Structure formats: C-alpha cells, structure tokens
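Structure, as structure tokens:
Remember, it's a predicted structure, so these values are computed and weren't measured experimentally. Residue numbers run from 1 in the order of the sequence given.
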Amino acid sequence: MIVTLFLVGLLIPFGMHLTAEDRYLATSRVLIGGSEVTDSTAARSVADTAAGYVTSPGRIATALKAAKVDRDPEEVARNVRIEPVGTSGVLELSVYDADRKAVAKITNALAEQLLEMRRGVVTGELTKLLDEVSAQMATVTEEIDALTQEISDAEVTGLGSVTALKLRYDAAVRNLSGLAEQRQRLLEGLALAPQPAVVDAAAVPDGPEPSGLVARLAVGGLLGLALGVGVAALLESVNPTILNPEALSRLLGAPVLGNLPRPPQNDTHLRDLWLPQFLTLAASGAGVRSARLVSLGPRVDLERLAGWLRDEVGSYEDDELLDPPSPFPEISLPDLEPPAHRSGFTLREEEAGPAAGLVVVSPRVIRRSDLAELRHQLAITRWPLLGIVSYQRRWTDPGPLETAGTEAPQPAVTVP
C-alpha cells in the first residue's frame with residue numbers, strides 16, 4: 001500500500017508534465033511613482049490596484065487588440081502577475097503564454113494600459129484643473145478685449161460711463177492675473193509629479209520556463225508516502241498483520257512443526273525430515289488418532305502435503321535410528337473425501353481421545369482476519385490444535401521442495 005501510493009504520487013505530476021505544453025515568460029518593469037509608496041504595505045497595495053485594473057477583461061481585450069494576438073481574455077488574466085519591486089515605486093508585470101513571440105507583445109501592451117491608468121491617477125486631476133483654468137483665462141481675456149474696445153468707443157463718442165468701464169476692466173485684469181498665477185502653480189505641480197514610464201520593456205524569451213518537474217515529483221512522492229503510511233496504519237489497526245510463524249504460534253498457543261520454503265503446490269516431491277517427527281510427537285501428546293490439515297490465507301494443495309506426510313510418518317515404523325513410541329502411529333486414508341482446502345490422514349486406530357487434531361498450514365505472513373475460519377472450526381469441533389506448518393509465498397528455489405541435505409540427525413522420540 002505504501003509503495004503503491006508513493007508511486008501514484010510520483011506518476012500524477014509526471015503525467016501532468018507529459019501532457020502540459022511549454023510556457024514562456026515575458027517580464028516588463030514599469031515605474032509608477034507616486035508619493036503614496038512609502039513602505040512595503042503601500043507598495044503591495046499599489047500593486048494589487050494595478051493587478052485589478054490590468055487583469056480586467058476590457059483592458060486585456062484592448063491590449064490583445066493592440067498586440068494583434070488572438071487569445072481568450074479570461075485565460076490571459078489567469079496568467080498575469082504583478083509584483084512590487086521593494087518600495088521603489090516600480091512594478092514587475094509578468095505574463096505566461098505558450099507562444100514566445102506573442103507573450104512579449106501581450107506584456108508590452110498591458111504595460112501601456114498600466115501606464116495609461118497611472119497617468120490618470122497621478123496627473124489626471126492636475127491636468128483637469130489646468131484645462132479649467134486655461135478655459136477661464138481665455139474667457140477673461142475675451143472680456144478684457146471687449147472692455148478695451150468699449151472704453152475706446154466711449155472716449156471717442158463721449159457716450160457711456162468711462163469710469164465704470166475702467167473699473168470693470170481693472171477687475172478683469174486682476175482676475176486674469178490670478179488665473180495666470182494659478183495656472184503657473186498647476187504647471188509646476190505637473191512638472192514635479194513623477195511621470196509613469198516603462199523602465200524595461202518585455203523582450204522575446206529565449207526558451208520556455210522550467211517545468212519544476214523535480215519539485216513536483218518530490219511533493220507528489222511525499223504526499224503519496226504520507227497517504228500510504230496513513231492508509232497502511234489504518235488497515236493495520238483494523239486488521240493487523242502476523243509477521244512470522246513464531247508470532248502465529250504465540251497467538252494460537254500451538255508449536256511450529258515445520259517451515260517449507262514454498263507452498264505445497266505444483267511439486268512432485270516434498271521432503272522435510274523434521275516435520276513428520278514433530279507431527280508424530282504432537283499427535284501422540286494430544287492422544288488423537290488422525291490429523292486434519294487446514295489452510296490459512298491462500299488455498300494450497302493440502303492433499304499433496306497430506307499424502308507426503310502419510311508416506312513419511314509410515315516410513316518411520318521400521319527406522320532403527322529412532323526410538324519410536326509404542327505403538328507407533330499407523331497411516332491410513334480417511335473414509336470421507338475432504339474439501340479442496342482441507343486434507344486429512346489417520347495417525348492411529350485407537351478410539352481413545354479426540355477424533356482428530358488440526359494442523360494449520362499457513363504462509364509466513366498472514367492477516368489476523370485469516371484466523372476467523374480457524375476459530376470457528378476449533379469452536380465447533382473442539383479438536384486440539386496440533387501445530388503449525390508455515391511456507392514462503394514466493395518461489396525461492398526452482399527445484400523440488402527440499403530442505404538442505406537429505407540426512408539430518410534423528411531425535412529420539414518418546415510419546416507417553
């Protein structure tokens with residue numbers, strides 16, 4: 001589970017990398033100025049305002065039209081980034097696109113849109129006031145010209161009050177002088193105001209941006225590993241794993257009779273000199289006349305193992321090296337044919353004691369849930385559990401299932 005989810009965590013970013021197209025980055029730096037940029041917070045605020053303005057669909061559509069590039073404005077808006085460069089009043093405008101030439105055009109067009117917006121913020125009000133003052137000065141100048149003509153006519157004809165006209169003329173001249181001073185102050189303000197400008201125009205990028213595959217693989221692998229560990233821990237807490245025959249022996253309270261290097265299946269010959277002797281001792285100690293093989297976990301060829309045990313246990317009757325119990329068990333086949341996953345053989349014919357004992361045939365590593373059926377069988381039959389025969393799930397030896405060597409020291413067997 002852990003390895004599988006770890007590999008999935010690696011495959012997801014790798015698959016995304018294979019399907020993703022190259023992206024190019026173009027960057028332009030724009031000086032926005034402004035007395036409000038005094039610290040990083042103010043610079044961030046100005047950058048956010050600029051981003052909200054530049055990424056609006058209308059402005060992007062205008063920039064795309066100016067750049068003569070056919071793109072979806074909403075898609076372009078998702079690929080636009082604006083960041084402040086410290087508190088210098090400079091903004092860095094970045095755009096990602098799949099076309100290296102188009103991305104530079106789009107970036108420069110958006111920079112022009114940003115400059116237009118900033119000019120309106122910084123100098124727009126001053127320019128508006130300057131236009132209004134210029135218009136008022138033009139009106140007053142016309143009024144002065146008209147009064148000058150009226151005064152001249154009144155002096156020639158003697159008609160009208162020249163004094164009143166001169167008073168009006170003097171008021172108009174003072175008004176014009178005041179407007180001229182106001183206009184001069186506005187011009188000075190415009191001259192002192194920082195003018196937005198492009199510091200560094202976007203150039204055509206030389207190559208695509210790094211995909212970040214290594215970082216994504218690292219993140220994906222770590223996430224998959226963490227998820228795998230969590231899922232495995234959850235599964236292990238619900239259904240724990242029994243890691244070896246010794247742990248199974250402690251759990252069931254039964255001895256390990258033998259360890260086979262692979263499952264008793266598809267083998268023409270099985271040989272383990274210790275297993276039959278240990279089974280004989282266990283059967284004698286339990287006082288049973290037959291043994292039943294029961295598999296845990298995957299189903300294996302128990303009939304093959306039972307047949308080998310019948311032959312091996314029977315062959316010990318005439319073995320002079322042993323000190324066999326008296327009477328030594330005699331082997332015979334059971335009357336009833338057992339299911340495919342359960343085989344049996346008779347160890348002796350006496351009627352005393354339980355009818356049979358159970359021998360568990362199990363892989364070395366099993367889940368605790370695999371013991372459920374065995375518990376039911378023990379509860380129903382009340383047969384004693386003689387022991388455990390374990391085997392490796394994988395094939396580790398291409399030859400017949402044999403132990404190392406054919407000769408082994410024969411222990412003396414004494415069965416009460």
Side-chain angles (χ1 to χ4, degrees), residues 242 244-261 263-264 269-296 300 302-334 338 342-364 366 371 374 377-378 381-392 401-416:
I242 302 175
N244 49 62
E246 289 71 21
L248 181 61
S249 173
R250 291 192 297 269
L251 184 64
L252 297 180
V256 178
L257 302 177
N259 294 292
L260 303 179
H269 180 64
L270 297 170
R271 185 165 179 78
D272 187 327
L273 298 179
W274 293 102
L275 175 56
Q277 297 183 54
F278 290 157
L279 179 58
T280 301
L281 290 173
S284 179
V288 298
R289 54 187 174 82
S290 65
R292 297 284 177 172
L293 302 183
V294 179
S295 65
L296 296 182
V300 294
L302 295 183
E303 183 59 41
R304 186 182 303 277
L305 179 60
W308 170 68
L309 287 173
R310 296 186 195 103
D311 297 337
E312 291 296 320
V313 172
S315 67
Y316 292 150
E317 271 190 285
D318 300 326
D319 196 332
E320 297 179 355
L321 296 178
L322 295 177
D323 183 13
S326 180
F328 198 81
E330 180 180 356
I331 306 302
S332 62
L333 293 176
R342 184 180 297 112
S343 297
F345 56 94
T346 300
L347 290 175
R348 60 177 149 218
E349 298 295 335
E350 288 89 330
E351 296 299 330
L358 290 180
V359 176
V360 174
V361 181
S362 166
R364 293 184 62 85
I366 62 170
L371 303 179
L374 175 64
Q377 292 172 348
L378 292 174
T381 61
R382 299 184 182 275
W383 291 347
L385 186 58
L386 301 182
I388 301 166
V389 178
S390 69
Y391 61 85
Q392 292 281 3
L401 184 60
E402 297 180 355
T403 57
T406 57
E407 297 295 334
Q410 306 297 325
V413 179
T414 302
V415 179

Between [X] and [Y], what is the shortest heavy-atom contact and its length?
| X | Y | value |
| --- | --- | --- |
| Ala254 | Gly387 | CB-CA, 4.0 Å |
| Pro245 | Asn259 | CG-OD1, 3.6 Å |
| Val256 | Ser249 | CG2-CB, 3.8 Å |

Quiz item: Within a strict 4.5 Å, meaning less than it, do heavy atoms of the Val389 and Leu279 side chains meet?
Solution: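 SC-SC contact between Val389 and Leu279 ruled out.
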Self-check item: Minimum side-chain heavy-atom gap Ser390-Leu248 below 4.5 Å
Solution: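 No, every pair of side-chain atoms sits at 4.5 Å or beyond.
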Within this structure, what is the [atom1]-[atom2] distance for the pair [X] and [Y], rounded to the nearest 0.5 Å?
| X | Y | atom1 | atom2 | answer |
| --- | --- | --- | --- | --- |
| Ser295 | Ile366 | OG | CD1 | 10.5 Å |
| Ile242 | Arg250 | CD1 | CZ | 10.0 Å |
| Leu378 | Trp383 | CG | CH2 | 10.0 Å |

Quiz item: Among Leu385, Leu386, Ile388, Leu293, which one satisfies side chain to side chain contact (heavy atoms under 4.5 Å, CB included) with Leu358?
Solution: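 Testing Leu358 for a side chain to side chain contact (heavy atoms under 4.5 Å, CB included) against Leu385, Leu386, Ile388, Leu293 leaves exactly one candidate, Leu385.
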